[in-house]
Number of protein chains: 2
Amino acid sequence: MSPARTTAGAPISSIGRGIAVLGCFNERRRALTLSELSEKSLLPMSSTHRVVAELVTGGFLVRGSDRRYRIGTRVWSIGQLAPVSDQLRHRALPTLARLYEETGENITLAVLDRGQALYVDRIGGERSVHTASRAGGHLPLHTTGVGKVLLAWQSPEAIEKYLSRPLTRTTPYSIVDPVKLKTELVETKNRGYAVARQESTAGNGSVAVPILRGGRCVAAVGVVAHLTHMDIPRLVEVLQQAADSIRKELEDDH
Amino acid sequence: MSPARTTAGAPISSIGRGIAVLGCFNERRRALTLSELSEKSLLPMSSTHRVVAELVTGGFLVRGSDRRYRIGTRVWSIGQLAPVSDQLRHRALPTLARLYEETGENITLAVLDRGQALYVDRIGGERSVHTASRAGGHLPLHTTGVGKVLLAWQSPEAIEKYLSRPLTRTTPYSIVDPVKLKTELVETKNRGYAVARQESTAGNGSVAVPILRGGRCVAAVGVVAHLTHMDIPRLVEVLQQAADSIRKELEDDH
DNA sequence: AGTAGAGTTCCGGTCATTGGAACCTAATTT
DNA sequence: AAATTAGGTTCCAATGACCGGAACTCTACT
C-alpha cells in the first residue's frame with residue numbers, strides 16, 4: 001500500500017506517529033475517542049488504532065470506562081524527571097509562594113517552549129482573578145507579560161522569525177501588528193520588565209520580569225491581576241527581588 | 001538482518017522501543033548518554049541512536065551541552081494532562097497542605113501504578129524527616145504505609161499475584177515473608193489503616209489510610225515521621241478526616 | 001602521535017508496518 | 001422491530017521504513 005508519507009505531507013516515523021497521537025491532547029481535550037484521535041493526528045483509523053494500542057501497552061495512554069483515551073500515569077511520572085520540573089519548578093516554588101503571600105495575586109512562572117510560553121507553575125486563584133494560564137499549558141508569546149519577557153530576551157533573529165508569522169489575536173487589545181510589537185519588545189528589554197493590559201484576558205493585566213543566567217533568559221516570573229489593582233512599580237520591585245532569589249537558588253548547585 | 005525480536009526476548013514495536021528508551025530514566029538517572037541508553041534499553045547502539053533522534057525531534061528528549069540526554073519539556077507538559085495530576089493531585093492539594101499544617105510531618109499521596117506505589121504528591125520535608133519518596137517516584141507496595149493500603153484493598157487474586165513474586169528487602173525490617181505480609185494486609189484492611197516501621201527507611205515509620213470510592217481504593221494518604229514521634233491514634237484520626245475530605249472533593253464533579 | 005571510547009553514518013535485506021476494505025457492535029432513527 | 005449510522009476492530013497483501021552489523025569520525029586522554 002501507500003507509504004507513510006501519503007497521509008500527511010512529510011514522512012513520519014513510527015515514533016513520530018506515537019508522539020503525534022499524544023500531542024492531540026491538550027487542556028481543553030483531555031479525553032479523546034479513537035475517531036477524534038484519528039482526525040486530529042491525521043492518521044487513518046486503522047493506523048491510529050494500532051498506534052493507540054501500542055501506547056496503551058506502554059502505559060502512555062489509558063482507556064476509560066467511557067471508551068475515551070486519556071494520558072497515562074506513566075507519562076506524568078516520566079515527565080517529573082524533566083529539568084523544567086526537577087530543577088526550575090521545585091527550586092522556584094518557595095519563592096513563588098512568598099510572592100503570592102506578598103501580593104495576594106496570581107503568580108506565574110514560564111519558560112520558552114516550542115515558540116510559546118509554557119507555564120511551569122501558577123500559584124493563586126483564590127484571592128485573585130481567574131487566569132487562562134495553567135501549569136503545563138501554553139500561551140502565545142505576545143499576549144502576556146511572561147511571554148513578552150521570554151521573547152524580548154531572545155536573539156534578534158529569533159524575534160524576527162516570530163514576528164514574520166501572523167500574530168494571533170486573543171482579545172481586541174492583543175498586539176497583532178509586528179511593528180508595534182517590536183517596539184514593545186525593545187521597550188520591554190530596556191526597562192527590564194514587561195506589561196500586558198487585557199491582551200490575553202479581558203479585565204486582566206500582567207507584569208513580568210526575566211530570570212537571567214549568563215545573559216540568557218531562562219524563565220520569566222509574572223503577576224496576573226485585575227487591571228485596576230495593578231500597582232506596577234511595586235510589583236516590578238517585588239518581582240525583581242523574586243527573580244534574583246530564584247536565580248541564586250538555581251546557581252547554588254550546578 | 002535479524003528482526004527486532006533478536007535483541008530482546010520478545011518482539012518490540014517501534015513505539016515500544018521509544019517508550020523503552022524513555023523508561024531508562026528515573027530519579028537516580030535523569031541525564032543519560034547514548035551508550036547508557038543503549039545498554040539500559042537493550043537496543044543496539046545504532047538503533048538507539050535512531051530512536052533517540054526521533055524522540056529529540058518530537059521534543060520528548062533533549063540533548064544537553066554535556067552530551068547527555070534528558071526528558072524533554074514536552075513530556076512534562078503532556079503529563080500534566082494525566083488524570084492523576086489533573087484530577088487527583090490538584091483536588092487533594094489543599095487538604096494535604098492542611099494535613100501538613102496539623103501534623104508538621106511529611107504527607108504523601110500515592111496511587112497504585114504498575115505494581116508499585118506511585119507518589120503523586122509529597123508535602124513537607126523542612127520540619128520533618130527526610131523520606132525516600134518523591135512526587136513521580138515509585139516505591140514497593142510492601143514497605144510503606146501507603147503501599148500496604150493500596151495492596152490491602154486490591155482483589156484477593158491481585159494480592160496473591162503480588163505475594164507470588166519475591167518481595168524486595170529495603171531495610172532489615174522489611175517484611176519479605178509472603179505469609180507474614182498476607183497477615184499484615186488482612187489486619188490492615190480490618191482496622192482501616194496501615195502502619196510501617198522502618199520497613200522503607202531506617203528510623204522512619206508511616207501511617208496511611210485509603211481513599212475509597214465505590215468500594216475501590218483509588219489512592220492512599222499517609223504520614224511519614226520519625227518512629228518516636230508517631231502518635232498513631234491521632235494520626236489515624238486526622239488522616240481519616242483528610243481522606244474523607246479528598247473523597248468528597250473528588251465526588252464534587254464527576 | 002597513538003589509543004580508546006563514544007558517537008555517527010552507511011547500506012543491503014527483510015519483515016514489521018501500513019492503510020484500504022470488510023466486518024462487527026452499539027446507539028439512534030424510522 | 002428493522003434500518004441506518006457512526007464508531008470501532010480485524011484482516012491482509014504489498015512494500016518501503018526499519019533493522020543492526022560494519023565502517024567511519026570525533027573527542028579525550030595518555
Side-chain angles (χ1 to χ4, degrees), chain A residues 1-25 28-72, chain B residues 1-25 29-72 254:
Chain A
M1 304 295 159
S2 35
R5 70 188 72 237
T6 46
T7 309
I12 307 173
S13 69
S14 292
I15 288 178
R17 284 159 185 248
I19 293 176
V21 166
L22 292 172
C24 294
F25 293 86
R28 299 259 155 221
R29 304 182 179 274
R30 289 174 199 155
L32 297 169
T33 64
L34 192 66
S35 311
E36 287 166 340
L37 284 171
S38 172
E39 187 190 352
K40 288 188 161 276
S41 67
L42 304 177
L43 295 174
M45 269 291 277
S46 55
S47 297
T48 309
H49 187 263
R50 191 168 9 88
V51 170
V52 162
E54 279 158 7
L55 289 170
V56 168
T57 303
F60 272 37
L61 280 184
V62 284
R63 167 211 244 125
S65 55
D66 55 358
R67 302 173 139 263
R68 284 171 178 273
Y69 292 93
R70 280 162 237 269
I71 297 296
Chain B
M1 305 296 160
S2 35
R5 69 190 75 233
T6 48
T7 309
I12 308 174
S13 68
S14 291
I15 288 179
R17 284 161 183 246
I19 293 177
V21 166
L22 292 172
C24 294
F25 294 85
R29 303 182 179 275
R30 291 173 198 152
L32 297 169
T33 65
L34 193 65
S35 312
E36 288 166 339
L37 284 171
S38 172
E39 187 191 351
K40 289 188 160 279
S41 66
L42 305 176
L43 296 174
M45 268 291 276
S46 55
S47 298
T48 309
H49 185 263
R50 189 168 8 90
V51 170
V52 162
E54 281 159 6
L55 289 170
V56 168
T57 303
F60 273 37
L61 280 183
V62 284
R63 167 211 244 125
S65 55
D66 54 357
R67 301 173 141 262
R68 284 171 178 272
Y69 293 93
R70 280 162 236 269
I71 297 296
H254 194 65

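A/Leu43 places its CG atom 15 Å from the P atom of D/dA17, with the value rounded to the nearest Å. The distance from atom CE of B/Met45 to atom P of C/dT8 is 8 Å, rounded to the nearest whole Å. Rounded to a whole Å, the CZ atom of A/Arg50 is 5 Å from the P atom of C/dT18. Between A/Glu36 atom CD and D/dG7 atom C1' the separation is 11 Å, expressed in whole Å. Between the P atom of C/dG7 and the CG atom of B/Leu61 lies a distance of 14 Å, rounded to the nearest Å. A straight line from CG of B/Leu42 to P of D/dC19 spans 15 Å, rounded to a whole angstrom. In this entry the distance linking CD of B/Glu54 with C1' of D/dC18 reads 9 Å, nearest Å. Regarding B/Asp66, its CG atom lies at a distance of 16 Å from the C1' atom of D/dA28, rounded to whole Å.
Here the side chains of A/Tyr69 and A/Val56 are in contact, with some heavy-atom distance below 4.5 Å.
The residue among A/Val51 and A/Arg67 whose nearest nucleotide of DNA chain C lies closer to the 5′ end is A/Val51. With DNA chain C read from its 5' end, the first of the two nearest nucleotides for A/Ser47 and B/Arg63 is the one closest to B/Arg63. Mapped onto DNA chain D by nearest heavy atom, A/Ile15 and A/Tyr69 fall at different nucleotides, with A/Tyr69 at the one closer to the 5' end.
Of all non-hydrogen atoms in A/Leu43 and A/Ser38, the two that sit nearest each other are O-OG, 2.7 Å. Counting all heavy atoms, side chain and backbone alike, A/Ser14 lies closest to B/Ile15 at O-CG1, 3.6 Å.
In the set C/dG20, D/dT9, C/dT9, C/dG20 carries the atom at the smallest distance from any side-chain atom of A/Ser46.
At D/dT9, one or more side-chain N or O atoms of A/His49 fall inside 4.0 Å of OP1 or OP2 (strictly under the cut-off). OP1 or OP2 of D/dC19 sits under 4.0 Å from a side-chain N or O of B/Ser14. Contact between the side-chain N/O atoms of B/Arg17 and the OP1/OP2 oxygens of D/dC19 is found at a separation under 4.0 Å.
Side-chain N or O atoms of B/Thr33 include none that pairs as donor or acceptor with a backbone N or O of B/Arg68 at under 3.5 Å. Panel note: side chain B/Thr57, backbone B/Ala53; a donor-acceptor pair is recorded below 3.5 Å.
Looking at heavy-atom distances under 4.0 Å, A/Arg68 makes no contact with the nucleic acid at all. At a threshold of 4.0 angstrom between heavy atoms, the contacts of B/Ser35 are confined to the sugar-phosphate backbone, with no base atom among them.
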